[in-house]
2 protein chains.
Amino acid sequence: MTSTRPLRADAARNRRLLLAAAAEEFAERGLDASVADIARRAGVGKGTVFRHFATKDHLLAAIVLDRIDALNAVGERLLKAADPGAALLEFLTVAAHQRQQRDLSFLQDAGELPAEVTRARAQMFHTVHALVDRAREHGVVRVDVTGADVILLMCAPNYVTSYVPDASPDLWQRYLAIIFDGLRPEGAHPLPHPPPAAP
Amino acid sequence: MTSTRPLRADAARNRRLLLAAAAEEFAERGLDASVADIARRAGVGKGTVFRHFATKDHLLAAIVLDRIDALNAVGERLLKAADPGAALLEFLTVAAHQRQQRDLSFLQDAGELPAEVTRARAQMFHTVHALVDRAREHGVVRVDVTGADVILLMCAPNYVTSYVPDASPDLWQRYLAIIFDGLRPEGAHPLPHPPPAAP
DNA sequence: TAGCAAGTTGACCGCCCGGTCCGTTTATCG
DNA sequence: CGATAAACGGACCGGGCGGTCAACTTGCTA
């Protein structure tokens, strides 16, 4: 157990400022936003960043962890929703909405993330699998798609809209709808390749 | 007009080696593959890279231009194919297959690309619009999707599979199929957002 | 309010990158 | 061949990055 003595007031404030600034900076400039810029945006010195987060990756991980946890809470709730199809769609909508900006994708890179992130991510994968299974059993998702498929596709709407220079911030909804229609059983054509085992 | 005296034999060979090495390196490491690594892989000095290509971006542009031109040739042919639905699917298949590896996406970044690339890209966009229009008129693509939608979605299969660590090199086919089913009129639900004007 | 640990800071370090430059090598052609 | 311009290569440069550190400031507590 880490015996966490509470943070000093200014330190706690700076930590919050840093997380907010980093989220904005990553959103605008992608993962190679510089630590110096993040510090400037937060109004603190660069050294302060590294007092709170061992490395730039740890800072990123803290942000990502927050988001995954939030998503997990939503998923947990939706598992008990009445309409399994609507529940899955809502989950994907919340996920896309939350990651409205640049990618950050929490699936990614496996650059040896802290164990907490790995665990939260695994939990999210589990939730998605459950949501998909339930939707499939109710016949609102085609029989040949798996949770892994949905996990992979769930980042696509944000990705494709990132190429539109002055896109409406809601454009991703259009592509989520198209992809979701592709997941439905009506008019489904057989898939040419088995699903991945991984996620 | 650039009065192009023919390249010396060794220079021409090195140019080819460089393009090949750069394509592989970009494929493996993404757009931030280093010029030094590319040179090493091609078996030439770093200075030679810049003799052939003014900047790293010009090198990238040369590769991208090749691919877009190849794609345009395919598109041109498919515009005269008998089955418009199969033609569109084949075009997207060729596009995805060619970009099997990492992204490079030719839509992207607008980092002031050379005029040739911009023009070739515009021509490709035009071709896609035509393919989509023809497919829509034949009722194999839903009425509410546009060429711009397909252009955006066409990179998604490669993107999503890039997150699977040891994916089969053909996994993208699965997601192209799902997305393509989403483009079909059968079982289509109305789209929540107008299409983008841009591409 | 005094003392101290906790927190802050920005100069600094080493690294790697894209790009330059010039001494050297080499394909080409009269 | 031998002369010459084209091509080559790698040391070198400036800049920006992630990360460190020691001197300084400040919130907490007794």
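Proteins get letters first, then strands, A, B, ... in listed order; numbering begins at 1 in each.
One interatomic measurement links the two molecules: CZ of B:Arg41 to P of D:dG9, which rounds to 18 Å at whole-angstrom precision. Between the CZ atom of B:Phe50 and the P atom of D:dA7 there is a distance of 18 Å, rounded to whole Å. Between A:Arg13 atom CZ and D:dT25 atom P the separation is 17 Å, expressed in whole Å. Atom CD1 in A:Ile38 sits about 8 Å away from atom P in D:dG18, given to the nearest Å. Rounded to whole Å, the distance from CZ on A:Arg40 to C1' on C:dA11 is 15 Å. In this entry the distance linking CG of A:Leu59 with P of D:dG18 reads 11 Å, nearest Å. Between the CZ atom of B:Arg51 and the C1' atom of C:dT26 there is a distance of 13 Å, given to the nearest Å. A:Phe53 has its CZ atom 15 Å from the P atom of D:dT20, to the nearest Å.
Remark: A:Thr48 is in phosphate contact with C:dT9, judged by side-chain N or O atoms under 4.0 Å from OP1 or OP2. Side-chain nitrogen and oxygen atoms of A:Asn14 include none within less than 4.0 Å of the OP1 or OP2 phosphate oxygen of C:dG7. The phosphate of C:dG7 has neither OP1 nor OP2 within less than 4.0 Å of any side-chain N or O from A:His52. For the pair A:Lys46 and C:dG10, the criterion of a side-chain N or O lying under 4.0 Å from OP1 or OP2 is not met.
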Take B:Asp149 and A:Tyr175 through the side-chain hydrogen bond (donor to acceptor under 3.5 Å, both in side chains) test and state the conclusion after the steps.
-> CA-CA 8 Å; B:Asp149 290 328; A:Tyr175 301 107; 2.4 Å; yes
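When side chains are defined from C-beta on, A:Gln173 does not count as touching A:Pro157, because their heavy atoms never get closer than 4.5 Å. Contact of the A:Leu152 side chain with the A:Pro196 side chain is registered, since non-hydrogen atoms from C-beta on lie closer than 4.5 Å.
When the nearest nucleotides of DNA chain C are assigned to B:Thr55 and A:Val44 by heavy-atom distance, the more 5′-ward of the two goes with A:Val44. Comparing A:Gly47 and A:Val35 along DNA chain D, the residue whose closest nucleotide (by nearest heavy atom) sits nearer the 5' end is A:Val35. Mapping B:Ala9 and A:Ala12 onto DNA chain C by nearest heavy atom places A:Ala12 closer to the 5' end of the strand.
Side-chain N or O atoms of B:Arg174 include one that pairs as donor or acceptor with a backbone N or O of A:His193 at under 3.5 Å.
Side chain B:Arg8 to base D:dA7: no donor-acceptor pair is found below 3.5 Å.
Salt bridge A:Glu90/A:Arg77: present, at least one basic N to carboxylate O contact under 4.0 Å.
Candidate nucleotides C:dG7, D:dC8, C:dG18 were compared by shortest atom distance to the side chain of B:Asp10, and D:dC8 ranks first.
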